[in-house]
Amino acid sequence: SDESLLRLLDQGCRVLKELYLDRCHQISDLGLMGLKRRGNMLMEVRHLNVAHLNIHDSAVNWISEGCKFLRSINIEGSLHVTEDGLVALGMLEYLKDVNLSDCVELTPSAFRSIFYPSEQYTRLERHKSRRHLTSLNITRCILLDDDCLFVLSGGCTNLQNLVMVG
């Protein structure tokens, strides 16, 4: 449950390197709030799987705030993650592997905002999102089109694996 996860994360699991919660339907945005940074304390999580959970952009923001060293994330089937959540992921400078399959609210403009963000970000921040990304799964992201592929081709220079089935 959300309460159990919050308690676990709060009581010393800050050195946790991998957290797999795929299909833990009792976990929601609230439980993932435990991954949010508290003061100067960051989570050590490098690999996070929250596939098929009913999460929103707020949970992705908390993950982005507290798991600065995240290298891979799977948010497959997160039906309520939008451009705001993708922008939060773009601030994770070590992120290499992202699974967004079945995130049906993602649009080409979401990808433009992560790979070509507005001038409100510093030059360093603008390049964080694409510096290390090597693998991206956008299977069944039904709103994506040719414009998204154009954005990826110019903004994701280290991409080695692209999965986009269906």
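Here the structure is a predicted model, which is why all the values come from computation and not from measurement. The basis for the numbers below is simple: all heavy atoms, side chains too, and nothing from hydrogens, waters or symmetry mates.
A continuous path of hydrophobic side-chain contacts links Leu159 to Leu149 [ILVMFWY only; heavy atoms under 4.5 Å]. Under a hydrophobic-cluster definition in which Ile, Leu, Val, Met, Phe, Trp and Tyr are linked whenever side-chain heavy atoms come within less than 4.5 Å, directly or via other members, Tyr20 and Leu95 are assigned to different clusters. Note: the hydrophobic cluster containing Leu162 also contains Leu89 (ILVMFWY, side chain heavy atoms under 4.5 Å, direct or indirect links). Hydrophobic clustering (ILVMFWY, side-chain heavy atoms < 4.5 Å, transitive): Met164 and Leu100 are in one cluster. Residues Val50 and Leu16 fall within the same hydrophobic cluster, defined by Ile, Leu, Val, Met, Phe, Trp and Tyr side chains chained together at heavy-atom separations under 4.5 Å.
The shortest side-chain heavy-atom distance between Val81 and Leu86 does not fall under the 4.5 Å cut-off. The side-chain heavy atoms of Asn161 and Leu136, taken from C-beta on, include no pair separated by under 4.5 Å. Ser109 places a side-chain heavy atom less than 4.5 Å from the side chain of Glu83. The shortest side-chain heavy-atom distance between Glu18 and Arg46 does not fall under the 4.5 Å cut-off.
The minimum heavy-atom distance between Ser101 and Cys141, with the atom names listed, is CA-SG, 4.4 Å. Taking all atoms of both residues into account, the shortest heavy-atom contact from His52 to Gly77 is ND1-CA, 4.4 Å. Residues Leu32 and Ala59 share a closest heavy-atom pair of CD1-CB, 3.9 Å. Summarising the geometry of Trp62 relative to Lys36, their closest heavy-atom pair is CD1-CD, 3.4 Å, with the distance given to 0.1 Å.
From Arg71, atom CZ reaches atom NZ of Lys96 across 7.5 Å, with rounding to the nearest 0.5 Å. Rounding to the nearest 0.5 Å places SG of Cys67 at 6.0 Å from CE of Met43. Here the OG1-CG distance, from Thr157 to Leu133, works out to 9.5 Å after rounding to the nearest 0.5 Å. Annotation: the span from His47 atom NE2 to Phe69 atom CZ amounts to 13.5 Å, rounded to 0.5 Å. For the atom pair Leu79 CG and Ile55 CD1, the distance stands at 10.0 Å (nearest 0.5 Å).
Partner of Ile73 under the side chain to side chain contact (heavy atoms under 4.5 Å, CB included) criterion, out of Val45, Val98, Leu92: Val98 alone. Each of Leu21, Leu35, Leu30 was evaluated against Leu5; a single residue qualifies, Leu21, per the side chain to side chain contact (heavy atoms under 4.5 Å, CB included) test.
Ser64 places a side-chain N or O within 3.5 Å of a backbone atom of Ala88 that can act as its donor or acceptor partner. Between the Asp2 side chain and the Ser28 main chain, a donor and an acceptor come within less than 3.5 Å of each other. Judged purely by atom type and a 3.5 angstrom limit, Asp147 has no side-chain atom pairing as donor or acceptor with the backbone of Pro108. The backbone N or O of Val165 sits less than 3.5 Å from a side-chain atom of Thr139, completing a donor-acceptor pair. Panel note: side chain Arg140, backbone Ile138; no donor-acceptor pair is recorded below 3.5 Å. Looking at Asp10, its side chain never comes within 3.5 Å of a backbone N or O of Leu6 through a donor-acceptor pair. Under a 3.5 Å cut-off, the side chain of Asp57 and the backbone N or O of Gly85 do form a donor-acceptor pair.
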Worksheet entry | side chain to side chain contact (heavy atoms under 4.5 Å, CB included) evaluation trace for Leu70 with Leu48 | CA-CA 8 Å; Leu70 200 63; Leu48 179 63; 3.9 Å; yes
Worksheet item: For Glu93 and Met91, what are the C-alpha separation, side-chain angles and deciding distance, and is it a side chain to side chain contact (heavy atoms under 4.5 Å, CB included)?
Response: CA-CA 6 Å; Glu93 69 179 292; Met91 298 310 294; over 6 Å; no
Item to complete: Report the C-alpha separation of Ile63 and Asn61 in whole Å, then their side-chain angles, then the decisive distance to 0.1 Å, and conclude whether the side chain to side chain contact (heavy atoms under 4.5 Å, CB included) test is met.
Response: CA-CA 5 Å; Ile63 292 165; Asn61 282 315; over 6 Å; no
Discussion item. Applying side chain to side chain contact (heavy atoms under 4.5 Å, CB included) to Leu106 and Leu143, what does each step give before you reach the verdict?
Written reply: CA-CA 6 Å; Leu106 297 179; Leu143 299 177; over 6 Å; no
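Asn158 and Thr134 form no side-chain donor-acceptor contact under 3.5 Å, judged by distance and modelled atom types alone. Side-chain atoms of His80 and Asn54 include a donor-acceptor pair closer than 3.5 Å.
Counted within 6.0 Å of CD on Glu3, heavy atoms from surrounding residues, nucleotides or ligands total 12 or fewer; the atom is thus considered open. More than 12 heavy atoms of other residues, nucleotides or ligands shown are found within 6.0 angstrom of CG on Asp145.
Residues passing the side chain to side chain donor-acceptor pair (under 3.5 Å) test with Asp84, sequence neighbours excluded: none.
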